[in-house]
Visitor: 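Here you go, one structure.
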Amino acid sequence: MDGGGRRYRLLILFGALAMIASGFLPWWRSGGDSVSGVDVPAQHGIGLEGPGVIIYGAAIATLVVLDIGYMRGRWGFFLDSPWVYLVLGLVGAAVLAYRGWELWSVGYIPLPQQSPGLALAAVGVALVLYGAGIGFSVPRRY
């Protein structure tokens, strides 16, 4: 495999790992403030609830396709193509946009300081999509 094929797969690998790690970080936070002298207890939710599970599943599927493609080596794997990674990245992006809108609509403004998991998921999805985009310019050997 040439350097271009390794580079785009490496970006996709890092993106998928970031998407997995984001599931364990807080995606929203509420409370922890004082209202009229009364402390409101803080609450937060991680990415492995609601639509975040689909992002986690897309990341796992990406890693499975990468792993099988790596194990097959020079013979290749028919799913190890930029189109598959693009579809998995677009699924992650659509769910991430929906989850961001969902949190925004109920008043949990997803700022990176209050929701590092949501920000890391966005970085992971962007890396997967960018890696898939670079993959289209790499010539296929098999």
Side-chain angles (χ1 to χ4, degrees), residues 1-138 140 142:
M1 180 184 310
D2 63 340
R6 276 187 292 236
R7 187 178 77 210
Y8 93 85
R9 286 182 179 92
L10 190 63
L11 287 171
I12 291 171
L13 172 68
F14 288 151
L17 291 176
M19 289 164 62
I20 289 172
S22 73
F24 299 101
L25 295 173
W27 279 42
W28 59 269
R29 179 175 167 73
S30 174
D33 300 327
S34 179
V35 178
S36 298
V38 177
D39 290 331
V40 179
Q43 297 177 359
H44 70 276
I46 63 172
L48 294 177
E49 55 188 25
V53 174
I54 297 172
I55 294 174
Y56 191 77
I60 295 293
T62 302
L63 288 178
V64 166
V65 171
L66 276 172
D67 189 38
I68 292 174
Y70 178 74
M71 288 188 306
R72 298 276 311 217
R74 66 182 178 147
W75 295 285
F77 179 53
F78 70 98
L79 290 178
D80 185 25
S81 75
W83 287 104
V84 174
Y85 300 124
L86 179 66
V87 168
L88 290 169
L90 288 175
V91 166
V95 172
L96 184 66
Y98 173 74
R99 185 65 171 157
W101 172 79
E102 185 180 54
L103 291 173
W104 176 77
S105 67
V106 294
Y108 299 128
I109 299 174
L111 299 175
Q113 298 87 358
Q114 297 176 345
S115 55
L118 191 65
L120 187 59
V123 168
V125 167
L127 281 173
V128 169
L129 291 174
Y130 182 66
I134 290 177
F136 285 114
S137 65
V138 174
R140 292 182 58 100
Y142 41 86

Visitor: To the nearest 0.5 Å, how far apart are CD1 in I55 and OH in Y98?
Guide: 12.0 Å
Visitor: Dump the intermediate steps for side chain to side chain contact (heavy atoms under 4.5 Å, CB included) on L63 and I20, then the final yes or no.
Guide: CA-CA 10 Å; L63 288 178; I20 289 172; 3.2 Å; yes
Visitor: Start with the C-alpha gap between E49 and W28, add the side-chain angles, then the distance that decides, and say whether side-chain hydrogen bond (donor to acceptor under 3.5 Å, both in side chains) holds.
Guide: CA-CA 11 Å; E49 55 188 25; W28 59 269; 3.2 Å; yes
Visitor: Considering all heavy atoms of both residues, which atom of A18 and which atom of G124 are nearest to each other, and what is their separation?
Guide: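 Heavy-atom minimum between the residues: CB-CA, 3.8 Å.
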Visitor: Determine whether V123 and M19 make a side-chain contact, defined as any pair of heavy atoms from C-beta on separated by less than 4.5 Å.
Guide: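 They are not in side-chain contact.
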Visitor: Can you tell if the side chain of L96 reaches within under 4.5 Å of the side chain of L118, non-hydrogen atoms only?
Guide: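 Side chain of L96 against side chain of L118, heavy atoms only: contact under 4.5 Å found.
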Visitor: List the atom of L79, the atom of V65, and the distance in Å for their closest heavy-atom pair.
Guide: O-CG1, 3.4 Å
Visitor: So which heavy atom on A16 is nearest to which on A59, and how close?
Guide: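 Where A16 meets A59 most closely, the heavy atoms are O-CB, 3.6 Å.
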Visitor: What distance separates Y56 OH from I60 CD1, expressed to the nearest 0.5 Å?
Guide: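 Going from the OH atom of Y56 to the CD1 atom of I60 covers 4.5 Å.
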Visitor: Enter the distance from L13:CG to D67:CG here, rounded to the nearest 0.5 Å.
Guide: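 L13 atom CG to D67 atom CG measures 10.0 Å (nearest 0.5 Å).
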Visitor: If I compare all heavy atoms of L129 with all of A93, which pair ends up nearest, and what's the gap?
Guide: CD1-CB, 4.3 Å
Visitor: Mind checking what makes side chain to side chain contact (heavy atoms under 4.5 Å, CB included) contact with P26, not counting sequence neighbours?
Guide: H44, P116
Visitor: Can you tell if the side chain of V128 reaches within under 4.5 Å of the side chain of F14, non-hydrogen atoms only?
Guide: no
Visitor: Heavy atoms only: give me the nearest A132-P82 pair and the separation to one decimal.
Guide: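 Heavy atoms only, the tightest pair is O-CB, 3.6 Å.
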Visitor: Which residues satisfy the side chain to side chain contact (heavy atoms under 4.5 Å, CB included) test with I46, sequence neighbours excluded?
Guide: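 Scan of I46 (side chain to side chain contact (heavy atoms under 4.5 Å, CB included), adjacent residues dropped) gives L48.
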Visitor: Verify side chain to side chain contact (heavy atoms under 4.5 Å, CB included) between D80 and I68, making sure each step is shown before the conclusion.
Guide: CA-CA 8 Å; D80 185 25; I68 292 174; over 6 Å; no
Visitor: Verify side chain to side chain contact (heavy atoms under 4.5 Å, CB included) between Y85 and L66, making sure each step is shown before the conclusion.
Guide: CA-CA 9 Å; Y85 300 124; L66 276 172; 3.3 Å; yes
Visitor: What I'd like to find out is whether the side chain of Y8 reaches to under 4.5 Å of the side chain of Y130, using heavy atoms alone.
Guide: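 The answer is no; the side chains never approach within 4.5 Å.
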Visitor: What pair of heavy atoms forms the shortest contact from T62 to A58, and how long is it?
Guide: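 Closest approach of T62 to A58, heavy atoms only: OG1-O, 2.8 Å.
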Visitor: Measuring from S115:OG to L103:CG, what's the distance to the nearest 0.5 Å?
Guide: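 That separation rounds to 7.5 Å.
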Visitor: Spell out, as yes or no, whether a donor-acceptor pair under 3.5 Å connects the side chain of W27 to the backbone of G100.
Guide: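 No, the answer is negative, given that no donor and acceptor are paired below the 3.5 Å cut-off.
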